[in-house]
Undergrad: 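Right, I'll just put the structure down here and ask away after.
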Amino acid sequence: MATNQKITKRLVDQIPAPEKDQSFVWDTDVKGFGLRITATGAKAYVFQYKNQSGRNRRMTLGKHGSITADQAREIARELYIEVRKGKDPLADKSAHRGAPDVCALCDDYITRHARPKKRPRSLEGDLSLIERFIKPEIGAMKVQDVELRDIEKVAALLSDKPTTANRLVALLSKMFNLAKSWKWRDTNPTEGWQKHQEFKRERPLSEEELQRLYRVMEEHPNQTACNIVRLLLLTGARRGEVLNMCWKDLNFEKGVWTKPAHNTKQKRTEHLPLSEGALSLLKHIRDTRDESAPSKFVFPGRVPEEPITTIKTFWGRIRKEADIEDARLHDLRHTTATVMAGAGASLPMIGRQLGHTQYQTTLRYAHLYQDDLRQSANSLSNALNSITKPSNEN
C-alpha cells in the first residue's frame with residue numbers, strides 16, 4: 001500500500017503500521033523520497049529511482065529517529081540530482097563498500113613496493129610508521145575518502161618530532177601515488193601539507209672522545225661489533241654497507257672495496273680504496289674467522305648465510321661506557337669527514353670517501369675549512385696591500 005503526502009515529523013510520528021508486510025508514503029516535494037513502515041512499526045526513510053537501464057532501485061537513507069524527516073529529504077534531494085546526471089547512487093554505494101581501505105593500501109605497499117625495492121633498514125622504518133601511526137589512525141578509512149585534514153591529523157601525532165613527521169608524510173605520499181597508479185583514487189591527499197623545516201644534525205666525535213671509545217673497545221668482549229665500529233670510522237661507510245660487506249667484494253691486492261649497487265644508498269656500484277688501517281683490520285678478521293662455519297659475509301650473523309643486521313644494543317652500551325651517550329652510530333660518518341678535513345683532505349676527496357654523488361651534500365663540511373679560508377683570505381689581503389700601497393718617495 002502506498003500514499004502520496006508531504007513527509008513531515010508529525011506525519012511520521014502519527015502514521016500507523018500496516019496489518020502485514022509494509023506500506024510506503026511517497027513525498028510530494030522530492031521525487032523518489034519516501035517513508036517505509038513495516039508491520040512491526042519500524043519506520044525508515046528511503047529513496048527510489050530508475051537507473052540508466054530502466055531498473056528500479058531503492059536505497060535506505062536511515063531509520064526514523066537516527067535522522068529527521070528534513071535531513072532525509074535533503075539527502076534524497078542530493079541523490080535525485082545525482083540520478084539526473086546519469087549516476088547510480090546504489091551502485092556507487094556498493095562499490096564504495098568494496099573499495100580498498102588504507103590498511104589494504106599499506107599491505108600492498110609493503111608487498112608490492114617496499115619489500116622488493118627498499119633496503120632492510122628503510123623497510124623496517126616504514127613498517128614501524130605504518131603499525132604505530134598510519135593503521136591505528138586512518139587504517140579503516142577508504143583510500144578514496146582520505147583528505148588533507150586526515151594527513152594533518154596523523155602528522156600532528158609527531159609534532160614534537162618534525163623530522164619523523166616529514167618521513168611519515170613522505171611515506172604516505174608514496175603510498176597514495178601508488179594508489180593513483182593502481183586506479184584506487186585520482187588525487188594525492190598529501191599535496192598541500194607543509195613540510196617541517198629540518199636541521200642537519202652533526203655530532204662528530206672529538207679527539208678525546210675517540211680515544212675513550214677506542215680504549216673501551218680494546219677491552220670489550222664483543223670484538224666483532226667493535227670491528228664494525230672501527231671499520232665504520234676507517235671507511236666512512238654507511239652502517240648497511242659495512243654490515244652487508246662480502247669477502248668477494250674485497251680486493252686485498254689492490255686494496256679496493258667494491259660496494260655493489262644493491263647495498264649503496266644511491267643504487268650504484270662504488271669502488272672505494274681502503275686505507276692501510278682498514279686493510280690491516282680486514283686481514284685480521286679474515287685470518288681469525290671461524291672456518292668451521294664459513295660465510296660469504298665479513299660479519300656473519302647467528303646464521304652464517306645471513307649478515308649481522310644491527311649493533312644497536314651494543315652501541316647503546318659502549319657509548320655509555322665511553323661517555324658519548326648523545327652520539328649516534330651515524331655520527332661516525334661525520335667523525336670520519338672531520339678527521340679527514342683535519343688531515344688536509346679536500347671536500348671532493350671527503351665526498352668520494354663518503355660515497356656522495358652530489359657536491360652539495362659534501363658542502364655541509366665546508367665549515368671545517370674556515371681557518372684555512374681565513375688564512376687564504378689574509379694572504380690575498382696582504383698581497384693586494386703590497387700591490388696597491390703607494391711607494392715612499394724621498
Undergrad: Between A69 and F33, which heavy-atom pair has the shortest distance, and what is it?
TA: O-CZ, 3.8 Å
Undergrad: Has K50 got more than 12 heavy atoms of other residues, nucleotides or ligands less than 6.0 Å from its NZ?
TA: no
Undergrad: Hey, is K135 close enough to D101 for a salt bridge, meaning N to O under 4.0 Å?
TA: no
Undergrad: Are the side chain of R239 and the backbone of I311 linked by a donor-acceptor contact shorter than 3.5 Å?
TA: no
Undergrad: Using the test salt bridge (Lys or Arg N to Asp or Glu O under 4.0 Å), find all partners of R289 that sit at least two apart in sequence or belong to another chain.
TA: E291
Undergrad: So, does D27 use its side chain to make a donor-acceptor pair with the main chain of I7 at under 3.5 Å?
TA: yes
Undergrad: Counting heavy atoms not belonging to K254, are there more than 12 under 6.0 Å from its NZ?
TA: no
Undergrad: Any donor and acceptor pair, going by atom type alone, linking the side chain of R36 with main-chain N or O of A44 inside 3.5 Å?
TA: no
Undergrad: Taking all atoms of both residues into account, what is the closest heavy-atom pair of K31 and F47, and its distance?
TA: O-CE1, 3.5 Å
Undergrad: Testing the basics here: between K174 and Y109, what is the closest heavy-atom pair and its distance to 0.1 Å?
TA: CG-CE1, 3.9 Å
Undergrad: Determine, using the 4.5 Å side-chain heavy-atom cutoff (strictly less than), whether L90 and V83 are members of one ILVMFWY cluster.
TA: yes
Undergrad: Could you state whether V256 and L281 fall into the same hydrophobic cluster, counting links through intermediate Ile, Leu, Val, Met, Phe, Trp or Tyr residues with side-chain heavy atoms under 4.5 angstrom apart?
TA: no
Undergrad: Is the shortest heavy-atom distance from the side chain of F133 to the side chain of L171 under 4.5 Å?
TA: no
Undergrad: Is the closest side-chain heavy-atom distance between P120 and T309 below 4.5 Å?
TA: no
Undergrad: Quick one: which of R77, R57, K87 gives a salt bridge (Lys or Arg N to Asp or Glu O under 4.0 Å) with E82?
TA: K87
Undergrad: Quick check against the 3.5 Å criterion: does D249 have a side-chain atom that pairs as donor or acceptor with the backbone of M245?
TA: no
Undergrad: Would you call Q197 and P162 a side-chain contact if the rule is heavy atoms closer than 4.5 Å?
TA: no
Undergrad: So, R185 and Q144: side-chain donor and acceptor under 3.5 Å apart, yes or no?
TA: no
Undergrad: Hey, could you give me the CZ/OG1 distance between R238 and T235, rounded to the nearest 0.5 Å?
TA: 11.0 Å
Undergrad: With a 6.0 Å cut-off (strictly less than), is the heavy-atom count around CZ of R286, excluding the residue itself, greater than 12?
TA: yes
Undergrad: Show every ring-ring contact (aromatic ring centres under 6.0 Å, His included) that has at least one partner inside residues 231-277, sequence neighbours left out.
TA: none
Undergrad: Mark yes or no for whether W193, through its side chain, and N166, through its backbone, hold a donor-acceptor pair below 3.5 Å.
TA: no
Undergrad: Indicate yes or no for a side-chain donor-acceptor contact from K43 to the backbone of V12 under 3.5 Å, with no hydrogens or angles considered.
TA: yes
Undergrad: According to the interplanar angle, ranging from 0 to 90°, do the rings of W26 and F24 count as parallel (below 30°), tilted (30 to 60°) or perpendicular (above 60°)?
TA: parallel
Undergrad: I need the E124 CD to L129 CG distance, nearest 0.5 Å.
TA: 11.0 Å
Undergrad: Determine whether V143 and M141 fall in the same hydrophobic cluster, where Ile, Leu, Val, Met, Phe, Trp and Tyr are linked whenever their side-chain heavy atoms lie under 4.5 Å apart.
TA: yes
Undergrad: What are the two closest heavy atoms between V298 and C246, and how far apart are they?
TA: CG2-C, 4.0 Å
Undergrad: If Ile, Leu, Val, Met, Phe, Trp and Tyr residues are connected whenever their side-chain heavy atoms lie under 4.5 Å apart, and connections chain through other members, are F299 and F297 in the same group?
TA: no
Undergrad: Can you check whether L35 reaches L11 side chain to side chain, under 4.5 Å on heavy atoms?
TA: no
Undergrad: Mind listing the closest non-hydrogen atom pair of T336 and L233 along with its distance?
TA: OG1-O, 2.9 Å
Undergrad: Do T335 and E209 touch side chain to side chain, with heavy atoms closer than 4.5 Å?
TA: no
Undergrad: Does a side-chain heavy-atom distance below 4.5 Å link Y49 with L79?
TA: no
Undergrad: Please examine the side chains of R115 and L123, heavy atoms only from C-beta on, and report whether any two atoms are closer than 4.5 Å.
TA: yes
Undergrad: Roughly how far apart are E191 CD and F176 CZ, rounded to 0.5 Å?
TA: 11.5 Å
Undergrad: Does K195 reach the side chain of V169, with side-chain heavy atoms less than 4.5 Å apart?
TA: no
Undergrad: Which pairs pass salt bridge (Lys or Arg N to Asp or Glu O under 4.0 Å) with one or both residues in residues 11-25, sequence neighbours excluded?
TA: K9-D13
Undergrad: Is a side-chain donor or acceptor of D331 paired with a backbone partner of R328 at a separation under 3.5 angstrom?
TA: yes
Undergrad: Taking all heavy atoms of S66 and all of G62, pick out the closest pair and write down the distance.
TA: OG-C, 4.0 Å
Undergrad: Using modelled atom types only, decide if a donor and an acceptor are shared between the side chain of S181 and the backbone of L178 within a distance under 3.5 Å.
TA: yes
Undergrad: To the closest 0.5 Å, what do you measure between CG (L243) and CG (L231)?
TA: 10.0 Å
Undergrad: Give, for atom CD of E131 and atom CG of D126, the distance between the pair rounded to the nearest 0.5 Å.
TA: 11.5 Å
Undergrad: Under a 3.5 Å cutoff, is there a donor and acceptor pairing between the side chains of T190 and N188?
TA: yes
Undergrad: Below 4.0 angstrom, N of the basic side chain to O of the carboxylate: do K153 and D150 qualify?
TA: no
Undergrad: Using the rule that two of Ile, Leu, Val, Met, Phe, Trp, Tyr join whenever any of their side-chain heavy atoms come within less than 4.5 Å, decide whether L168 and L157 are in one cluster.
TA: yes
Undergrad: Could you state the interatomic distance from CD1 (I110) to NZ (K118), rounded to the nearest 0.5 Å?
TA: 8.0 Å
Undergrad: Would you please classify the geometry between the H334 ring and the H330 ring as parallel, tilted or perpendicular, with 30° and 60° separating the classes?
TA: perpendicular
Undergrad: Check E219, Q211, M217 against R215 for a side-chain contact (heavy atoms from CB on, under 4.5 Å) and give me the one that passes.
TA: Q211
Undergrad: Could you walk me through whether E321 and R317 pass salt bridge (Lys or Arg N to Asp or Glu O under 4.0 Å), step by step?
TA: CA-CA 6 Å; E321 294 179 39; R317 291 173 180 170; over 6 Å; no
